[in-house]
Structures are given as C-alpha cells and as structure tokens.
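First comes the structure, then the notes that go with it.
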There are 2 protein chains.
Amino acid sequence: MARRGSYAKGIAKREEILTAALEVIARNGYRRTSVRELAEAVGLSQAGLLHYFSSKEELFQEVLRKRDEVDHDSYGVDMARPIDGLIAVIRHNADVPGLVQLYAQLSVEAVDPEHPSHDFFVERYESVRREFGEFIREEQRAGAIDPELDPDLTATLFVAASDGLQTQWMLDPSIDMSEHIMQLWRLVARKA
Amino acid sequence: MARRGSYAKGIAKREEILTAALEVIARNGYRRTSVRELAEAVGLSQAGLLHYFSSKEELFQEVLRKRDEVDHDSYGVDMARPIDGLIAVIRHNADVPGLVQLYAQLSVEAVDPEHPSHDFFVERYESVRREFGEFIREEQRAGAIDPELDPDLTATLFVAASDGLQTQWMLDPSIDMSEHIMQLWRLVARKA
DNA sequence: AATGAAAACCGAACGGGATATGGTTTCCGA
DNA sequence: TCGGAAACCATATCCCGTTCGGTTTTCATT
C-alpha cells in the first residue's frame with residue numbers, strides 16, 4: 001500500500017494555519033498580511049508554511065472554501081428559505097470584517113484567468129446563482145414572486161447587491177448590509 | 001514671483017502616462033502591471049515615472065479620477081435622468097474592461113484606512129449615493145416611484161448592484177450588466 | 001540672449017515581498 | 001526497527017515599489 005496523505009500533526013497544523021490566517025487578516029488587513037507574518041503566527045518558517053499551501057493565494061482560497069462550508073452548514077441547511085440564509089450570512093459577515101475583506105479582495109484578483117483561484121470563483125458564482133435562481137422559481141410557483149420576473153436575472157442581482165454592499169460597508173461600516181438586501185427582497189416579493 | 005507648476009512637456013507627459021496606463025492594464029490586467037512596464041510604455045525610467053506620481057497607487061487613482069471626469073461630462077450632463085446616465089456608463093464600461101478591473105481592484109484595496117486612495121473612495125461613494133438619492137426623491141415627487149421607498153437605501157442598492165455586477169461580469173463576460181440594472185429600475189419604478 | 005532655478009529625468013541601490021532549492025529532522029506504518 | 005514520506009528550515013533568487021543623489025532640459029526673468 002502506498003503511503004499517502006498527511007500525518008495527524010500536519011492535519012492539525014493545516015487547520016491551525018487557516019484559523020490563524022483569519023485572525024491575522026482581521027487584525028492587519030489583507031494588504032499588510034505577508035506569508036512571513038502568517039508563518040510567525042503559527043511558529044513556522046516561510047518555507048515551512050508553504051509546505052502546506054503551494055502559494056499564498058491558495059492558502060487564502062482555502063480559508064474562503066472553509067468559510068463557505070461553515071456558512072453552508074450554519075445557514076444553508078436549517079434555514080427554511082435561502083433568502084433567510086442569505087440575510088443571516090450577511091448579518092454574520094458584519095462581525096467578521098477580515099473574512100469580508102479577504103473575500104472581496106480575492107474575488108476581484110481572481111478575475112484574471114491566470115489567477116490560481118479563477119476557476120474557484122467562476123464555479124462559486126455559478127453555483128450560488130443557480131441555487132438562488134432555483135429558489136426564486138419556487139417562490140414564483142408558490143405565488144410569492146411575480147412570475148414575470150426573470151429568475152436568473154434576479155438571482156444575479158441579489159448576488160451583485162450583496163457583493164457591492166460589502167465594499168460600501170467596508171468603506172463606511174455604518175451601512176447596514178442586511179437592511180438593504182431585505183429592501184431588495186421586498187421589491188421582488190409581490191405586495192398585496 | 002515664485003516659479004511653480006509644470007512645464008508644457010511635463011503636462012503632456014503626465015497625460016501620456018495616464019493614457020498609457022490604461023492601455024497596459026487593459027492588455028496585461030491589473031495584477032501584472034508594474035511601474036517598470038508603465039515606465040517602458042512611455043519611454044521613461046521607473047524613477048522618471050515616479051517623478052509625476054508619488055506612488056503607483058496615486059497614479060492609478062488619477063486614472064480613475066480622470067475617468068470620472070470624462071464620464072461625468074459624457075453621461076452626467078446631457079442625460080435627462082441620472083438612471084439613463086448610469087445605464088449609459090455601465091454599457092460603456094463593458095467596452096473598457098481594463099478600467100473596470102482597475103476600479104474594482106483599487107476600490108477594494110482602498111477599504112484599508114491607511115490606503116492612499118481611502119478618502120478618495122469614501123468621498124466618491126458618498127457623493128454618488130447623494131446624487132442618485134436626490135434623483136430618486138425627485139422621481140418620488142413626480143410620482144414615478146413609490147414614496148414609501150427609502151431613497152438613500154435605494155440609491156445605495158443601485159450603487160452596490162452596479163459594483164457587484166462588474167465582478168460577476170469580469171468573471172463571466174456573457175453577463176449583461178445594463179440589463180440587470182434596468183431590471184432593478186423596473187422593480188423600483190411604479191407599475192401601472 | 002544670457003542666466004539660473006526649478007522641472008524633468010536617470011542609474012543605482014534598498015528593503016521587502018513571494019517562492020524555489022536542497023537539505024535535515026520527525027513521524028509512523030509495514 | 002526501519003525506511004520512506006511528511007514536516008520543516010536556511011538560504012538564495014527574482015521582482016516589486018520606492019528612495020537617493022545626481023545630470024540634463026526647460027523657460028521666465030533680466
């Protein structure tokens with residue numbers, strides 16, 4: 001049998017790195033977070049840290065992937081409707097500015113097709129739009145949303161609004177992101 | 001009298017740099033645009049280029065400021081309604097991906113309060129929201145928009161949607177940004 | 001038209017960034 | 001217990017933005 005996979009110590013260290021990365025980013029901001037700092041935060045050399053992640057960008061991508069998993073478990077499953085999950089996530093995001101900043105930064109950098117996280121984000125957006133679009137179709141069948149509305153277009157709009165609100169919120173934290181999304185939902189939900 | 005200000009040659013060179021920066025970004029993407037390349041593109045050394053702009057970030061900010069001026073002159077003045085101006089700008093943006101990328105990148109980096117362009121973006125968003133919010137108030141007075149809608153909230157939503165759509169469009173250029181904004185406008189505009 | 005001060009520009013160097021290389025040490029299953 | 005892979009490090013490399021101390025060019029003043 002070929003020996004493959006990591007040792008127990010390595011698996012724990014990897015998790016520790018992901019957690020520490022978040023703390024460092026939350027404290028210093030994305031721009032001022034270097035692999036040197038990340039390495040120091042977990043008691044490794046730069047090369048030691050890069051043993052776990054082939055690049056800084058891949059490390060960050062893994063942080064976001066893990067966040068997606070946690071969010072999906074917390075707000076995706078037990079929530080009755082995806083819109084409630086979306087609002088819950090957005091509310092939660094206001095408590096983790098480091099993650100929001102990391103996400104905003106990496107998603108924009110990844111528009112470059114050569115960026116290592118390009119495919120990750122392309123697929124992520126596709127799946128988020130697909131899921132939310134499907135939800136809107138359901139609401140239309142249930143009569144809660146105007147059937148004339150294009151569900152895919154509307155889903156894209158929700159995702160866009162969520163992303164754009166984050167930028168404005170980071171520049172001005174007095175902006176209440178969830179309130180704006182609720183307003184958008186009221187706009188698409190049929191009245192009376 | 002103290003001699004101050006630039007020579008004719010310098011003023012022309014400065015403009016040339018701003019124009020060339022756009023071309024280089026459009027060709028190489030923001031990530032791969034270095035001051036070395038920028039300098040080569042206009043026949044200067046790195047230090048020579050930095051004589052005009054104290055930093056790379058300041059140069060990029062000036063590119064965006066110039067874009068704002070041009071857009072404002074082109075779509076802000078002669079357009080009847082700001083919403084038409086917004087849609088026209090968004091349509092135009094699809095033809096200048098380099099600018100869109102530069103804007104998206106810099107606006108996110110500038111969320112760091114230490115970033116040299118932080119104040120620029122804070123003020124820019126404030127003024128855009130104020131202008132659009134005022135327009136919405138006018139439409140409400142004219143009876144074109146539900147007076148119950150919070151105009152500032154709605155303005156923020158339009159800005160957020162515009163920004164967020166750009167990210168999705170850069171990742172998937174088949175997305176029609178203007179169509180989505182028109183959809184949003186239909187949602188807020190009173191029907192029948 | 002000569003002058004001189006500031007603008008325009010350059011070569012070289014600096015500090016810091018991510019990452020590749022070639023190791024040594026530690027782990028742990030066969 | 002042993003051997004191979006994982007875990008980890010010191011060092012080196014290359015590119016980045018930026019600084020410093022110049023030289024050359026421009027052009028208002030005289």
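Throughout, a chain's letter reflects where its sequence line sits, starting with A, and its residues are numbered from 1.
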Query raised in the report: For B:Ala47 and B:Ala8, take the nucleotide of DNA chain D holding the closest heavy atom to each; which residue's nucleotide lies nearer the 5' end?
Result: B:Ala47
**Report entry** Those residues of residues 108-118 of chain B lying under 4.0 Å from DNA chain D by at least one heavy atom
**Finding:**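 Those residues whose heavy atoms fall under 4.0 Å from DNA chain D, taken from residues 108-118 of chain B, amount to none.
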Specify the separation, in whole Å, of atom [atom1] of [X] and atom [atom2] of [N].
X	N	atom1	atom2	result
B:Arg14	C:dA7	CZ	P	14 Å
A:Glu58	C:dA18	CD	P	15 Å
B:Arg31	C:dG17	CZ	C1'	14 Å
A:Asn28	C:dG17	CG	P	11 Å
B:Leu59	D:dT18	CG	P	10 Å
B:Leu44	C:dG11	CG	C1'	14 Å
B:Lys13	C:dC9	NZ	C1'	10 Å
B:Glu40	C:dG11	CD	P	12 Å

Query raised in the report: Is there a donor N/O on one and an acceptor N/O on the other, under 3.5 Å, for the side chain of B:Tyr52 and the base of C:dA8?
Result: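 Absent.
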Show me the protein contacts with nucleotides 14-17 of chain D, counting only N or O atoms at under 3.5 Å.
unit_1: D:dG17; atom_1: OP1; unit_2: B:Lys56; atom_2: NZ; d: 2.8
unit_1: D:dG17; atom_1: OP2; unit_2: B:Val35; atom_2: N; d: 2.9

Report task. Could you tell me if the ring centre of B:Tyr125 sits under 6.0 Å from that of A:Trp169? Result ->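 When the ring centroids of B:Tyr125 and A:Trp169 are compared, they turn out to be at least 6.0 Å apart.
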Query raised in the report: Backbone N or O of A:Leu149 within a donor-acceptor pair of the A:Gln140 side chain at under 3.5 Å?
Result: yes
Report task. Would you kindly check if the NZ (Lys) or CZ (Arg) of B:Arg67 is within the cone defined by 45 degrees around the ring axis of B:Tyr103 and under 6.0 Å from the six-membered ring centre? Result -> yes
Query raised in the report: A:Ile87 and A:Leu165: same hydrophobic cluster, using ILVMFWY side-chain contacts below 4.5 Å?
Result: yes
Report task. State yes or no: do B:Leu99 and B:Tyr75 share one hydrophobic cluster built from I, L, V, M, F, W and Y residues joined by side-chain heavy-atom distances below 4.5 Å, directly or via other members? Result -> no
Report task. Considering just the side-chain nitrogens and oxygens of B:His51, establish if one lies under 4.0 Å of OP1 or OP2 belonging to C:dA8. Result ->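 Affirmative; the distance criterion is met.
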Requested in this report: Please determine if a side-chain N or O atom of A:Lys9 lies less than 4.0 Å away from the OP1 or OP2 oxygen of D:dC8.
Outcome: yes
Query raised in the report: Quick one: are B:Val35 and B:Phe53 in side-chain contact, heavy atoms under 4.5 Å?
Result: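 B:Val35 does not reach B:Phe53 side chain to side chain.
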**Report entry** Side-chain heavy atoms of A:Thr167 within contact of B:Phe121, under 4.5 Å
**Finding:**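 No, every pair of side-chain atoms sits at 4.5 Å or beyond.
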Query raised in the report: With sequence neighbours excluded, what pairs up with B:Gln101 under the side chain to side chain contact (heavy atoms under 4.5 Å, CB included) test?
Result: A:Val111, B:Tyr30, B:Met170
Query raised in the report: What is the nucleic acid contact for B:Leu49, judged by heavy atoms within less than 4.0 Å: base, sugar-phosphate only, or nothing?
Result: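 No contact.
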Query raised in the report: Would B:Arg130 and B:Asp152 pass as an ion pair if we require N to O under 4.0 Å?
Result: no
